[in-house]
Amino acid sequence: MKKLLLGNEAAARGLYEAGCSFVSSYPGTPSTEITEAAAKYPEIYAEWAPNEKVAMEAAFGACLAGRRSFCGMKHVGLNVAADPLFTISYTGVNAGMVIAVADDAGMHSSQNEQDSRHYAKAAKLPMLEPSDSAEALHFAKLAYELSEAFDTPVMLKMCTRIAHSQSVVELGERVEPAVKPYEKNGGKYIMMPGNAKRRHPVVEERLRKLTEWAETAEINRVEPGKDHKMGIITSSTSYQYVKEACGDTYPVLKLGMVWPLPEKKIIEFAKSVSLLVVVEELDSFIEDHCRNLGLACTGECNFPVIDELSPNKVAYELTRSYPTGVKLEEDIPPRPPVMCAGCPHRGLFYTLKQNKCTVFGDIGCYTLGAVAPLAAMDTTICMGASISGLHGFNKAGGSEDNRHSVAVIGDSTFMHSGVTGLINTAYNESHSTVIILDNSITGMTGHQQNPTTGVNLKGNPCTKIDLESLCRAIGIKRVRVVDPYDLAQCDQAVREELAADEPSVIISRRPCALLKYVKHPGPIASDPDKCVGCKSCMKIGCPAISIADKKAVIDTTLCTGCGVCTQLCKFDALGGGKKEG
């Protein structure tokens, strides 16, 4: 049976058909849907882990128990999981283990551009890279075969365009392999120095054998072309752009395994063409490999290492023309990100701005607190960095008496990697105020559950981590909860905790406005007769509020009736409500 699937859905189908039994991941765009789709198969145990490191370690434990396992993450999540990644390369596996990493060239939802192929090379692990949904399914199944044949975890590299585009796949049946019994083998699995020294040569020999496999593997294929004055080496999305731009004009070496790369195959391909061109996104990974083989090639000089490629960019560089003959206009109106109408974070960020706080931000919906008109954030680095950064800032005297600096972090991100930062704050006794923005879900990646919600990935009730109790157990004595829709309450809490001579935590608690179970009072009304056009309501950046003819206008299709704006209007033009101050 054939079906139209997203690349991520197809990868999940590949896991299912390969007999994968265990999935543990942390949500991160553009990788999230692999795990969400896998969870729909009752034969697969699937979970959200607190972070990517935990997910990878759990997946390794499952493969050790003899079941095929999987963990998925985005490119920055692989940074978090790098510690176990490099060591399980040494131990190898029992049953097959597949690790998916999804890169985000163009930074559609990420804080950096990062080429995960470097991780495969550095960790000496094989990496497969599909170019459409059909290959995503096929490569996921192939990854398990390679994992068990070569005793290694196998990396499956996705990217935004492959993960979130659809193409037709051929569905197969699930084949569940026999459980491999676990046998004690300290020399293989206990990575103390003496054992690790003996495992390193095994890793190098495995890499040599994988390189030999890459030479004849059907996923590394040469597609013939009519004109041999140029030959193109490419992979993944770039392959699709090359085919769109050139069709079968030039021969193409399409690589499905991007590490280890074949050597003889590339050299023979180079001999068959006059000019060798490498088309790849971000770093000159394949091109550097070609140069190390002594081949003259071009790639980096034509294609940028910044931002993702496009059919137009590739076509122009290869043919000096555009595929349609017309270049797309570049002055498309921007669509800046904004917090949703009714977002519970808006009132808290307004309070921080009014108090002129230095704000250490984190990764999540609340990162949008950096956007005008709130502009209430000073730095955002990575998940969990807000709390640790605030501690260092305050200890170094960055804020006078630590009275104007705070850290903000979401409930899911706090569980991911904020807890250790708060432990550091308590242990080393910095007078830091941490604000946990608890919207009862993992919002930015599409409403996934987390350890604080009381529901697991399968939708079943489970243990719910109590944030207040956890913070107190860590050693924080001052813990309080506020409603971010109540500006006066938020202001009082921020002022009092900043004035305290000890660490403190404020939990700003209200569920995400987009959750299906959240009931809203309905849109408020604006009164043009009372509105004086002061634009105070515009200071919170709510998309439901605009100005027309110098009067405030409420978009009733967006407004949830949260009432934050009514607290800013001193003329009752936006209905009743308790006024700020």
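Arg13 places none of its side-chain heavy atoms less than 4.5 Å from the side chain of Lys3. Residues Cys357 and Thr433 have side chains not in contact (no heavy-atom distance under 4.5 Å, counting atoms from C-beta outward). Proximity of Ile441 to Pro511: side-chain heavy atoms (C-beta onward) are nowhere separated by under 4.5 Å. Counting only heavy atoms from C-beta outward, the side chains of Cys537 and Cys569 never approach each other to under 4.5 Å. Side-chain atoms of Arg67 and Val179, non-hydrogen and from C-beta on, do get closer than 4.5 Å to each other. Taking the side chain as every heavy atom from C-beta outward, Asp555 and Pro543 never approach each other to under 4.5 Å. Taking 4.5 Å as the limit, some side-chain heavy atom of His164 sits within range of a side-chain heavy atom of Thr29. Looking at Ile99 and Met73, their side chains come closer than 4.5 Å, going by heavy atoms from C-beta outward.
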| message | Does Leu437 form a side chain to side chain contact (heavy atoms under 4.5 Å, CB included) with Asn439? I'd like the steps, not just the answer. | response | CA-CA 6 Å; Leu437 302 166; Asn439 65 350; over 6 Å; no
| said: For Glu52 and Leu78: C-alpha separation, side-chain torsions, deciding distance, then whether side chain to side chain contact (heavy atoms under 4.5 Å, CB included) applies. | reply: CA-CA 7 Å; Glu52 297 85 358; Leu78 190 56; over 6 Å; no
| said: Between Lys74 and Ser110, is the side chain to side chain donor-acceptor pair (under 3.5 Å) condition met? List the steps. | reply: CA-CA 9 Å; Lys74 67 186 295 179; Ser110 306; 2.9 Å; yes
| message | Using side chain to side chain contact (heavy atoms under 4.5 Å, CB included), reason through Val80 and Met383 one step at a time and then give a plain yes or no. | response | CA-CA 9 Å; Val80 179; Met383 298 189 81; over 6 Å; no
| request: Starting from the C-alpha separation in whole Å, work towards a yes-or-no answer on side chain to side chain contact (heavy atoms under 4.5 Å, CB included) for Tyr144 and Leu15. | output: CA-CA 9 Å; Tyr144 282 111; Leu15 303 182; 3.6 Å; yes
| request: Apply side chain to side chain donor-acceptor pair (under 3.5 Å) to Ser430 and His391, showing your working. | output: CA-CA 6 Å; Ser430 65; His391 167 77; 2.9 Å; yes
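Salt-bridge annotation for Arg472 and Glu468: absent, with no side-chain N of the basic residue lying under 4.0 Å from a carboxylate O of the acidic one. Comment: Glu308 engages Arg161 in a salt bridge, judged by a side-chain N to carboxylate O separation of less than 4.0 angstrom.
Side chain of Ser69 to backbone of Phe60: no donor-acceptor contact under 3.5 angstrom is found. Glu113 places a side-chain N or O within 3.5 Å of a backbone atom of Gly106 that can act as its donor or acceptor partner. No donor-acceptor pair under 3.5 Å is formed between the side chain of Thr152 and the backbone N or O of Ser147. At distances below 3.5 Å, at least one donor-acceptor pair connects side-chain atoms of Arg346 with backbone N or O atoms of Ile540. No donor-acceptor pair under 3.5 Å is formed between the side chain of Arg510 and the backbone N or O of Tyr485. Looking only at distances, a side-chain donor or acceptor of Asp104 sits under 3.5 Å from a matching main-chain atom of Ser109. For Asn51 (side chain) and His416 (main-chain N/O), a donor-acceptor pair under 3.5 Å exists by modelled atom type. Ser89 places no side-chain N or O within 3.5 Å of a backbone atom of Leu85 that could act as its donor or acceptor partner. In this structure, the side chain of Tyr41 does not engage the main chain of Ser21 through any donor-acceptor pair within 3.5 Å. Judged purely by atom type and a 3.5 angstrom limit, Thr367 uses its side chain to pair as donor or acceptor with the backbone of Asp362.
For the residue pair Ser116/Asp103, the side-chain donor-acceptor check at 3.5 Å is satisfied. When only modelled atom types and interatomic distance are considered, Ser405 and Asn394 share a side-chain donor-acceptor pair under 3.5 Å.
Summarising the geometry of Gly384 relative to Ile409, their closest heavy-atom pair is CA-CD1, 4.1 Å, with the distance given to 0.1 Å. Nearest heavy-atom pair across Pro130 and Ala136 is CB-N, 3.5 Å. Residues Met97 and Ala59 approach most closely at CE-CB, 3.9 Å, considering heavy atoms. Among all heavy-atom pairs drawn from Ser165 and Ser133, the shortest one is O-OG, 3.6 Å. Nearest heavy atoms, Lys353 versus Leu374: CD-O, 2.8 Å. Residue Cys63 comes nearest to Gly96 through the heavy atom pair CB-O, 4.0 Å, listed as atom of the first residue, atom of the second, then distance.
With rounding to the nearest 0.5 angstrom, the CD atom of Glu129 is 6.5 Å from the SG atom of Cys159. Between Arg117 atom CZ and Met127 atom CE the span is 8.5 Å, to the nearest 0.5 Å. Between the CD1 atom of Ile545 and the CG atom of Leu558 there is a distance of 10.5 Å, given to the nearest 0.5 Å. If you take SG on Cys471 and NZ on Lys477, they are separated by 15.0 Å, rounding to the nearest 0.5 Å. Taken to the nearest 0.5 Å, the NE2 atom of His431 stands 7.0 Å off from the CD atom of Glu429. Atom OH in Tyr26 sits 9.0 Å away from atom CD in Gln448 (nearest 0.5 Å).
Just one residue in the list Glu17, Glu148, Glu176 forms a salt bridge (charged side-chain N to carboxylate O under 4.0 Å, His left out) with Arg68, and that residue is Glu148. The only member of Ile436, Thr420, Val434, Val408 that meets side-chain contact (heavy atoms from CB on, under 4.5 Å) when paired with Ile387 is Val434.
The ring pair (Phe, Tyr, Trp, His ring centres under 6.0 Å) test applied to Phe349 returns no partner, not counting sequence neighbours.
Within a 6.0 Å radius of OH in Tyr427, no more than 12 heavy atoms belonging to other residues, nucleotides or ligands are found.
Using cut-offs of 30° and 60° for the angle between ring planes, the Tyr366 and His345 rings count as perpendicular.
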